[in-house]
Protein chains: 2
Amino acid sequence: MSTRYTVSQIARRTGLTVRALHHYEAAGLLRPASRSDAGYRLYGEAELLRLQHIVSLKALGFSLADIRACIDADAPSLGGALARQIERLREAVVRQQELLGRLERIAHQLAAGATIDAETLLNGIEATTIMQNHFSNEQLQAIKARGDALGAERIREVERAWPEVIAGMQAALALDKDPASAEVRALARRWRGLLREFTGGDAGILQSMNAMFRAEPAVMQARTGIDPVLLAYASKAVGLLGED
Amino acid sequence: MSTRYTVSQIARRTGLTVRALHHYEAAGLLRPASRSDAGYRLYGEAELLRLQHIVSLKALGFSLADIRACIDADAPSLGGALARQIERLREAVVRQQELLGRLERIAHQLAAGATIDAETLLNGIEATTIMQNHFSNEQLQAIKARGDALGAERIREVERAWPEVIAGMQAALALDKDPASAEVRALARRWRGLLREFTGGDAGILQSMNAMFRAEPAVMQARTGIDPVLLAYASKAVGLLGED
DNA sequence: CGTGCGGCCTCACGCTGCGTGAGGGTCAAG
DNA sequence: CTTGACCCTCACGCAGCGTGAGGCCGCACG
């Protein structure tokens, strides 16, 4: 009449392991219909059906807790759980794709830069990580678009120009020169020009960059040579330029 | 001279927690430069730098073990680890996108079918799950393309026609009619027609479907009303049709 | 000089979804 | 009676920490 199956039979029919069935029982997901005299688990058709549902939901990425909620409460939670699961997965995919993008960019750099040492590579990775933390995705895209617009050649020029300007500004600061003096104004104009080359005139990006320098003074100093004092001095000098 | 930082200072500067730093130490990732008399962990600039690297690599999704390998062994493993990580991530993205696709299809059905009860929904989910297990991705795409080509209206017609043909075949089997008789031949022709509507004449899909019926007789019987005996009978009858 | 509060320390369990034994009964066949 | 093949119940292990528990520093305040 009521056919009974042992754990291993059930396991074979569902593609699960015996251990998993034990686990599901412990998790309150599926209790055997009965036990034999020796304590063997015995399952019936109803349990098999329920298990099919469990397997299906698990294949959709639901957690055991979610599955229990869905099956126990029946209808109400299922639709909601489905929606939540979709939302979760969408976010996960987006995150992973961003991550993948970053990894691929790094791998690309590595392939282009021929034999690059680990230290340099890690520093580069660190830079992108910090950027990732301080700029929004839109801002990062804007920066990337800006870089594409400028072209690799111009970017190299800018990168060569920065140390010079920074050194000049540092020297002016060391000699305690008036930020309003003609010499410092000239430096500030170059500074502002290079900065705009990066920000593209986007006030938000400028703000985020300042925040980044404030949040990571040590790292930024190590990478750019700009410490908070120098930044303040240069900012003041640029501010004194007015709309000139 | 050599500035020393306490755990919580390091934690603040890196955005990690004190517990995480303890964990990294236990994992052999980052040992404090020294300890105070009271046993307090004391970190230096070098540790801070190393930790930046660790954070960066972690942000790229590397496991602590991988990170340790990368940082300890320096250059050699980093490139390889990067490539492996990219590969892993690509696979993960593909898997999750497939999953997302399935979930969205189900959600779509649910939205279309208005108020569908949980039982029916779970059965639908089960069907897609089993299909997923028995057909390759290419086959599933081919089936989907086939469905699009036929159109929703034709599919509904086919779905209405199947039970009728199955019932007829079942009746013929029950009466032990000769599979070669005119009546059964007529049934077999309709059966074959409906089947081709699904397979699109693809022998691989037909084979996989037979395998599915063999592997999941109970489920398939519950869903289609076709049991192994009936399937054998029908297959014989169809075979007897020849190239007719 | 005590005391209170914030850090710091070292265990150690918890979470997810089982895998993988350990140690020991059960059942049908030979 | 023995031998496999199954079954049982613990219980640890995995990754990466979170979150206490219980107790020792260290600095400031009264």
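Bear in mind the structure is a predicted one, so any value in this text is a computation, not a measurement. Lettering follows sequence order; numbering is per chain, from 1.
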**Item:** B:Ala38 vs B:Lys58, nearer the 5' end of DNA chain D by closest nucleotide
**Value:** B:Lys58
**Request:** For A:Leu42 and for A:Arg19, locate the closest nucleotide of DNA chain D by heavy-atom distance; then report the residue assigned to the nucleotide nearer the 5' terminus.
**Result:** A:Leu42
**Asked** Just how far is it from atom CD1 of B:Ile54 to atom OH of B:Tyr24, taken to the nearest 0.5 Å?
**Response** 7.5 Å
**Message:** Does A:Ser63 reach a base, just sugar-phosphate, or nothing at all? Heavy atoms under 4.0 Å.
**Reply:** sugar-phosphate
**Request:** Please work out if B:Thr6 contacts a base, only the sugar-phosphate, or nothing of the nucleic acid, heavy-atom cut-off 4.0 Å.
**Result:** sugar-phosphate
What is the distance from [atom1] of [X] to [atom2] of [N], rounded to the nearest Å?
{"X": "A:Leu16", "N": "C:dG19", "atom1": "CG", "atom2": "C1'", "value": "14 Å"}
{"X": "A:Ile67", "N": "C:dG17", "atom1": "CD1", "atom2": "C1'", "value": "11 Å"}
{"X": "B:Arg12", "N": "C:dC8", "atom1": "CZ", "atom2": "C1'", "value": "13 Å"}
{"X": "A:Leu57", "N": "C:dG17", "atom1": "CG", "atom2": "P", "value": "13 Å"}
{"X": "B:Leu21", "N": "D:dG18", "atom1": "CG", "atom2": "C1'", "value": "14 Å"}
{"X": "B:His23", "N": "C:dT10", "atom1": "NE2", "atom2": "P", "value": "15 Å"}
{"X": "A:Leu51", "N": "C:dC18", "atom1": "CG", "atom2": "P", "value": "11 Å"}
{"X": "B:Tyr43", "N": "C:dC8", "atom1": "OH", "atom2": "P", "value": "10 Å"}

**Request:** For residues B:Gln9 and B:Tyr43, determine if any side-chain heavy atom of one lies less than 4.5 Å from a side-chain heavy atom of the other.
**Result:** no
**Prompt:** With a 4.5 Å limit on heavy-atom distance, are the side chains of A:Phe198 and A:Leu206 in contact?
**Reply:** no
**Asked** Can you check whether A:Tyr24 has a side-chain N or O nearer than 4.0 Å to OP1 or OP2 of C:dG17?
**Response** no
**Prompt:** Does a side-chain N or O from B:Arg35 land closer than 4.0 Å to OP1 or OP2 of C:dT10, or not?
**Reply:** yes
Nearest heavy atoms of [X] and [Y], plus distance in Å:
{"X": "A:Gln139", "Y": "A:Ile205", "result": "NE2-N, 3.7 Å"}
{"X": "B:Pro32", "Y": "B:Arg35", "result": "CG-NE, 4.3 Å"}
{"X": "B:Gly28", "Y": "B:Arg68", "result": "O-CD, 3.4 Å"}

**Message:** By nearest atom, which of the nucleotides D:dC17, C:dT10, C:dC18 is closest to the B:His22 side chain?
**Reply:** C:dT10
**Request:** Please tell me which of the listed nucleotides, D:dG16, C:dG7, D:dC7, lies nearest to the side chain of B:Ser8?
**Result:** C:dG7
**Request:** Between A:Tyr40 and A:Thr17, just flag the one whose closest nucleotide in DNA chain C comes earlier from the 5' side.
**Result:** A:Thr17
**Backbone N/O of B:Leu60 and side chain of B:Gln85: donor-acceptor pair under 3.5 Å** = yes
**Asked** Per the end-axis method with five pairs at each terminus, what is the bend angle of the helix from C:dC1-D:dG30 to C:dG30-D:dC1, to 10°?
**Response** 40°
